There are 2 protein chains.
Amino acid sequence: MRKEHSTNAMNEQFLFGVCELNSAIAVISGRWKSQIVYSVSRGYNRFHLLKRELPNISEQVLGRQLKELETHAILVKKEIAGTVPIGIEYILTNKGLDLVPILESLCNWGKTYEGKEIAACR
Amino acid sequence: MRKEHSTNAMNEQFLFGVCELNSAIAVISGRWKSQIVYSVSRGYNRFHLLKRELPNISEQVLGRQLKELETHAILVKKEIAGTVPIGIEYILTNKGLDLVPILESLCNWGKTYEGKEIAACR
DNA sequence: GCAATAACGAACAAATTTGTTAGTCTAAAA
DNA sequence: TTTTAGACTAACAAATTTGTTCGTTATTGC
């Protein structure tokens with residue numbers, strides 16, 4: 001858990017106060033997060049689909065990251081009506097949708113300056 | 001140091017291969033980094049100016065973050081001619097300059113959806 | 001009845017990041 | 001001549017993130 005009064009935590013709060021940029025980056029940082037947002041935006045919007053897309057992630061970690069994205073209101077869980085057992089899909093909120101083009105810019109920026117890899121972004 | 005063959009490090013590599021987005025985010029993540037880029041872009045381009053802008057950062061941490069930004073070619077160090085002792089200023093590279101508008105989008109995105117704080121972004 | 005799939009949660013451990021302590025070097029100011 | 005400012009580096013410690021192990025619930029297929 002968070003220490004709340006550690007220098008680190010207080011510095012984080014300080015930066016959040018300096019500019020929203022810092023809280024924005026805090027939301028999208030983290031090992032799998034922006035890739036999950038990106039994958040969901042392309043239709044991989046169920047737990048097992050994401051698992052298949054990101055074979056190296058463990059279910060526990062995937063669940064945790066999804067919950068954090070939900071906490072930050074980037075996506076919401078939705079039960080798929082008429083499925084038994086109840087299927088769940090993840091839907092990007094407006095906040096999440098607005099994030100996607102920014103992630104695309106970041107992707108292009110990365111491609112421009114690192115180049116050469118097979119670009120899987122589109 | 002990096003363990004190089006830890007699951008964590010390998011997952012990071014995996015993501016780097018999936019999409020440049022992930023390496024881009026790796027570059028701008030980190031407690032003070034994007035704020036430093038932003039501050040440098042607004043002219044706070046010397047060690048002591050950055051220290052004044054970010055009073056909570058320790059010199060050691062500031063030096064480390066600047067070095068990492070240099071490693072990722074976001075900025076370069078430049079000696080200021082004719083100063084004794086030699087003054088040093090930090091200059092954004094093209095890569096760094098191209099990043100700034102993306103950081104601005106992130107900032108605006110943050111402001112749109114979190115709102116209410118005094119926006120120090122401009 | 002027994003395994004498999006979909007979707008996770010809690011607790012603990014390993015890895016990584018962030019901050020701290022101590023110290024360097026040069027030159028001008030007090 | 002002792003202090004101060006600018007610009008840092010190395011090594012270690014604290015905090016935080018990421019991954020692992022074990023367990024759950026419910027239903028369909030064999």
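These numbers were taken from a predicted model, which means no experiment stands behind them. Side-chain atoms are counted along with the backbone in the values below, which use heavy atoms only and exclude waters and symmetry mates. Note on naming: letters A, B, ... go to the chains in the order of the sequence lines (proteins, then strands), and numbering restarts at 1 for each one.
Residue B:Ile88 places its side chain closer to D:dC8 than to any other of C:dC8, D:dT18, D:dC8. In the set D:dA7, D:dT21, C:dT20, the nucleotide with an atom closest to the side chain of B:Gln60 is C:dT20. Distance from the side chain of A:Asn8 is smallest for C:dT18 among the nucleotides C:dG23, C:dA7, C:dT18. In the set D:dG19, D:dA10, C:dA6, D:dG19 carries the atom at the smallest distance from any side-chain atom of B:Thr7. Of the candidates D:dA11, D:dT20, D:dA7, the closest approach to any side-chain atom of B:Arg64 belongs to D:dA11. Across D:dG19, C:dG19, D:dA7, the shortest atom-to-atom separation from the side chain of B:Arg31 is found for C:dG19. Distance from the side chain of A:Ala9 is smallest to D:dT16 among C:dT20, D:dT16, D:dT20.
At a cut-off of 3.5 Å, with distance as the only test, a side-chain donor of B:Ser23 or B:Glu20 sits close to an acceptor on the other residue. In summary, the side chains of B:Arg31 and A:Asn8 do present a donor paired with an acceptor at a separation below 3.5 Å, with no hydrogens or angles considered.
Going from atom CD of B:Gln65 over to atom P of D:dC8 covers 14 Å, rounded to whole Å. Spacing between atom CD of B:Glu79 and atom P of C:dA27 amounts to 14 Å, rounded to whole angstrom units. A straight line from CD of A:Glu12 to P of C:dT17 spans 15 Å, rounded to a whole angstrom. Between A:Leu50 atom CG and C:dA6 atom C1' there is a gap of 13 Å when expressed in whole angstrom units. Per the geometry, NZ belonging to B:Lys67 stands 9 Å off C1' belonging to D:dA10, to the nearest Å. In this structure, the CD1 atom of A:Ile57 is 14 Å from the P atom of C:dA7, given to the nearest Å. If you measure from atom CG of B:Leu62 to atom C1' of C:dT20, you get 15 Å, rounded to the nearest angstrom. Straight-line distance from the CG atom of B:Asn22 to the P atom of D:dT18: 12 Å, rounded to whole Å.
Of the residues near DNA chain C, B:Ser6 and A:Glu89, the one whose nearest nucleotide (by heavy atom distance) lies more toward the 5' end is A:Glu89.
Phosphate contact (OP1/OP2 of D:dG19, side-chain N/O of A:Trp32, threshold under 4.0 Å): present. Proximity of A:Tyr90 to the phosphate of C:dA6: no side-chain N or O atom is located under 4.0 Å from OP1 or OP2. Under 4.0 angstrom from either OP1 or OP2 of C:dT5 there lies no side-chain N or O belonging to A:Lys51. Considering only side-chain N and O atoms, A:Asn11 lies nowhere under 4.0 angstrom from the phosphate OP1 or OP2 of C:dT18.
Across all strands, A:Ser58 comes closer than 4.0 Å to base atoms (heavy-atom distances). Contact annotation for B:Lys33: no contact, since no heavy-atom pair falls under 4.0 Å across all strands.
A:Leu106 and B:Leu97 fall within a single hydrophobic cluster, where Ile, Leu, Val, Met, Phe, Trp and Tyr side chains are chained together by heavy-atom contacts under 4.5 Å.
Interface remark: the B:Glu59 side chain does not form any donor-acceptor pair with the D:dG6 base, using a distance-only criterion of under 3.5 Å.
Closest approach of A:Ile36 to A:Gln65, counting heavy atoms only: CD1-CB, 3.7 Å.
With B:Leu49 as reference, B:Arg46 is the one residue of B:Arg46, B:Glu53, B:Lys51 to meet the side-chain contact (heavy atoms from CB on, under 4.5 Å) rule.
To the nearest 0.5 angstrom, A:Asn56 atom CG is 12.5 Å from A:Leu62 atom CG.
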